[in-house]
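Input: a single structure, listed below in structure tokens.
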Amino acid sequence: METPTDMEIVRRVQAGDAEAFGELVNRYSGRIYALALAMVRDAQRAEDVTQETFIRAYEHLGGFRGASAFGTWLYRIAYNRAAGECRRRAYDRIDAESCAVAEESSAGRFDEETVVRMRRALERLRPDERVLVALFYEEERSLAEIAQIMNLTLSNVKVRLHRLRGRLRHYMEE
């Protein structure tokens with residue numbers, strides 16, 4: 001049996017099959033959580049942002065027309081929720097649990113010293129900068145998708161990413 005596309009599932013939900021939304025949650029929950037964690041830097045708050053994202057998406061799914069990919073639309077909601085959480089909490093420090101997650105995701109690719117330097121360099125970035133890096137390098141989203149998610153122009157995404165690479169390189173050398 002073929003795996004249904006996001007749009008097929010969305011149409012089923014819009015037609016009244018509320019249980020079909022669970023397929024979208026299963027498909028995207030890990031990635032939405034990773035995006036939220038990259039911004040809020042706290043596992044519990046990232047879980048809250050993830051839940052709020054799916055609640056909001058479900059409530060507004062009737063208005064989704066497919067002008068962008070469902071994943072891009074969902075990421076935009078998650079980005080807005082996480083940004084709001086950062087503003088509300090003014091929360092910008094990393095805790096031991098999220099450090100462990102970052103180390104696990106990098107395990108095997110870099111030596112321990114490089115992982116520590118990368119983590120420290122990322123800690124110095126603002127939440128919106130960390131999410132830009134996460135979307136591009138971890139989620140492997142296209143520049144156009146990132147522009148949509150973050151409500152930026154394509155050229156602005158390119159410039160920010162270029163500058164962030166330079167800053168991260170500088171931070172890692174310090």
Side-chain angles (χ1 to χ4, degrees), residues 2-95 97-102 104-105 122-123 125-154 156-158 160-161 164:
E2 249 181 69
T3 305
T5 66
D6 290 347
M7 202 58 205
E8 290 170 340
I9 297 170
V10 166
R11 286 189 187 111
R12 284 179 29 212
V13 175
Q14 289 173 334
D17 183 2
E19 290 185 21
F21 191 72
E23 293 178 51
L24 294 171
V25 172
N26 289 337
R27 193 172 285 181
Y28 285 97
S29 61
R31 292 182 273 179
I32 295 300
Y33 174 80
L35 174 102
L37 184 60
M39 287 185 72
V40 301
R41 307 305 284 179
D42 177 86
Q44 181 59 48
R45 289 185 181 151
E47 287 178 24
D48 294 344
V49 167
T50 302
Q51 287 181 351
E52 292 169 11
T53 297
F54 284 107
I55 290 168
R56 185 153 177 88
Y58 184 78
E59 291 171 347
H60 293 87
L61 199 59
F64 178 72
R65 300 288 172 240
S68 63
F70 174 78
T72 302
W73 181 75
L74 189 63
Y75 270 77
R76 179 73 187 150
I77 294 170
Y79 176 79
N80 287 338
R81 301 310 266 177
E85 178 70 14
C86 288
R87 281 190 302 272
R88 275 192 305 280
R89 308 275 186 194
Y91 188 82
D92 197 18
R93 70 172 173 75
I94 195 161
D95 67 4
E97 187 173 345
S98 54
C99 283
V101 171
E104 286 171 20
S105 67
L122 287 167
E123 287 175 22
L125 300 179
R126 294 188 324 261
D128 62 313
E129 294 170 332
R130 283 194 303 264
V131 82
L132 177 62
V133 170
L135 285 170
F136 188 75
Y137 289 104
E138 292 175 26
E139 291 292 323
E140 297 178 350
R141 294 290 177 162
S142 71
L143 295 174
E145 281 183 295
I146 295 169
Q148 275 188 303
I149 291 166
M150 297 183 73
N151 199 27
L152 300 169
T153 64
L154 183 59
N156 194 277
V157 170
K158 290 177 184 178
R160 286 183 185 202
L161 199 53
L164 283 171

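The distance from the CD atom of Gln51 to the CD1 atom of Ile32 is 13.0 Å, given to the nearest 0.5 Å. Taking CD of Glu139 as the reference point, atom CD1 of Ile149 lies at 8.5 Å (rounded to 0.5 Å). The CG atom of Leu161 sits 11.5 Å away from the CG atom of Leu152 when rounded to the nearest 0.5 Å. For the atom pair Glu123 CD and Arg41 CZ, the distance stands at 7.0 Å (nearest 0.5 Å). Atom CZ in Arg130 sits 8.0 Å away from atom CG in Leu122 (nearest 0.5 Å). Atoms CG and CG, from Leu135 and Leu143 in turn, are 11.0 Å apart once rounded to the nearest 0.5 Å.
Taking the side chain as every heavy atom from C-beta outward, Met150 and Leu132 approach each other to under 4.5 Å. Within the 4.5 Å cutoff, the side chain of Tyr58 has heavy atoms near those of the Val13 side chain. Taking 4.5 Å as the limit, some side-chain heavy atom of Gln44 sits within range of a side-chain heavy atom of Asp48.
Applying the side chain to side chain donor-acceptor pair (under 3.5 Å) criterion to Arg12, with sequence neighbours excluded, gives Asp17, Glu23. Contacts of Arg160 classified as side chain to side chain donor-acceptor pair (under 3.5 Å), with partners at least two apart in sequence or in another chain: Asn156.
Heavy-atom neighbours of Tyr137 OH from other residues, nucleotides or ligands within 6.0 Å: above the threshold of 12.
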Give the intermediate values and the outcome of side-chain contact (heavy atoms from CB on, under 4.5 Å) for residues His60 and Ile77.
CA-CA 10 Å; His60 293 87; Ile77 294 170; 5.8 Å; no
What verdict does the side-chain contact (heavy atoms from CB on, under 4.5 Å) test give for Arg141 and Arg31, after you've listed the backbone C-alpha separation in whole Å, the side-chain angles of each residue and the deciding distance to 0.1 Å?
CA-CA 11 Å; Arg141 294 290 177 162; Arg31 292 182 273 179; 4.2 Å; yes
Does Tyr75 form a side-chain contact (heavy atoms from CB on, under 4.5 Å) with Ile146? I'd like the steps, not just the answer.
CA-CA 9 Å; Tyr75 270 77; Ile146 295 169; over 6 Å; no
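For the pair Gln14 (side chain) and Phe64 (backbone), a donor-acceptor distance under 3.5 Å is present. Arg81 contributes no side-chain N or O that, together with a main-chain N or O of Val49, makes up a donor-acceptor pair within less than 3.5 Å.
When each of Phe54, Phe70, Trp73, Phe21 is checked for a ring pair (Phe, Tyr, Trp, His ring centres under 6.0 Å) with Tyr28, only Phe70 meets the rule.
Pairing each heavy atom of Gln148 with each of Ser68, the nearest pair is NE2-CB, 3.4 Å. Residue Thr50 comes nearest to Ser29 through the heavy atom pair CG2-O, 4.0 Å, listed as atom of the first residue, atom of the second, then distance. The two residues Ala82 and Met39 make their nearest non-hydrogen contact at CB-SD, 3.5 Å. For Ala43 against Leu37, the heavy-atom pair with the smallest separation is N-CD1, 3.9 Å.
A cation-pi geometry, defined here as NZ or CZ lying under 6.0 Å from the six-membered ring centre and within 45° of its normal, does not hold between Arg76 and Tyr79.
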